[in-house]
Amino acid sequence: MKEFNVKVEVKLKPVVLDPQGKTVLTALNNLGFKGVDDARVGKLIELKIKDDDAAKVKERVEDMCMKLLSNPVIEDFVVNVEE
């Protein structure tokens with residue numbers, strides 16, 4: 001059985017307001033970091049999963065995202081599976 005490293009990137013959908021991102025943008029500008037036009041804050045979830053098939057792992061993790069790891073109403077997610 002192989003062990004897969006899985007990274008799940010969860011971000012707010014582009015149409016959803018991101019107050020945390022706006023706070024980061026304001027703080028960066030206040031600290032003198034010019035030229036930053038926008039900031040969006042998301043999360044990265046790393047998993048280690050044992051299975052024989054990368055496609056099955058990806059399918060399982062996408063199911064996890066739909067049920068727990070993301071809020072599909074307001075967030076998008078990307079699943080990256082590596083052996």
Side-chain angles (χ1 to χ4, degrees):
M1 188 166 282
K2 301 173 188 172
E3 182 173 274
F4 294 93
N5 294 315
V6 181
K7 292 184 179 178
V8 180
E9 182 182 353
V10 180
K11 298 188 295 188
L12 288 170
K13 292 183 177 184
V15 297
V16 176
L17 294 176
D18 182 3
Q20 191 175 7
K22 294 298 180 200
T23 300
V24 168
L25 179 62
T26 300
L28 289 172
N29 287 329
N30 290 342
L31 290 170
F33 294 102
K34 302 300 179 196
V36 181
D37 294 332
D38 194 17
R40 305 277 296 172
V41 175
K43 59 187 171 187
L44 174 67
I45 302 165
E46 296 180 328
L47 305 168
K48 290 189 183 292
I49 298 178
K50 290 183 179 174
D51 200 309
D52 292 323
D53 185 347
K56 287 182 182 177
V57 169
K58 185 171 184 176
E59 185 177 316
R60 286 175 51 202
V61 174
E62 288 173 346
D63 191 35
M64 292 175 195
C65 289
M66 296 300 290
K67 293 179 178 173
L68 177 70
L69 302 178
S70 74
N71 179 346
V73 174
I74 62 169
E75 295 174 319
D76 292 325
F77 61 85
V78 176
V79 176
N80 184 17
V81 178
E82 295 178 355
E83 199 174 316

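- Here the side chains of K2 and F4 are in contact, with some heavy-atom distance below 4.5 Å.
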Chi angles and distances behind the side-chain contact (heavy atoms from CB on, under 4.5 Å) call for L47, M64 | CA-CA 11 Å; L47 305 168; M64 292 175 195; 4.2 Å; yes

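- When all heavy atoms are compared, the tightest approach of P72 to M66 is CG-O, 3.8 Å.
- Contact record, A39 with V24: CB-CG1, 4.2 Å, taken as the closest heavy-atom pair.
- When all heavy atoms of V10 and I45 are compared, the pair lying nearest together is CG2-CD1, 4.3 Å.
- Of the inter-residue distances, the one linking K11 atom NZ with D18 atom CG reads 11.0 Å to the nearest 0.5 angstrom.
- How far OG of S70 is from CD of E62: 10.5 Å, rounded to the nearest 0.5 Å.
- L68 and V73 end up in different hydrophobic clusters when Ile, Leu, Val, Met, Phe, Trp and Tyr side chains are linked at under 4.5 Å.
- Separation of atoms CG (D52) and CE (M1) is listed at 4.5 Å; rounding is to 0.5 Å.
- No donor-acceptor pair under 3.5 Å is formed between the side chain of N5 and the backbone N or O of E46.
- Applying side-chain hydrogen bond (donor to acceptor under 3.5 Å, both in side chains) to D51 and the options K56, R60, K58 leaves one that passes, R60.
- At a threshold of 4.0 Å, the pair K22-D38 counts as salt-bridged, since one of the basic side-chain nitrogens sits closer than that to a carboxylate oxygen.
- Remark: L12 CG to N71 CG distance equals 9.0 Å, nearest 0.5 Å.
- N29 and K34 get closest at one heavy-atom pair: O-NZ, 3.3 Å.
- Atom CD of E83 sits about 10.5 Å away from atom CD of E3, to the nearest 0.5 Å.
- Taking the side chain as every heavy atom from C-beta outward, V57 and V6 approach each other to under 4.5 Å.
- No path of Ile, Leu, Val, Met, Phe, Trp and Tyr side chains, each step under 4.5 Å between heavy atoms, connects L44 with V78, placing them in separate hydrophobic clusters.
- K13 places none of its side-chain heavy atoms less than 4.5 Å from the side chain of I74.
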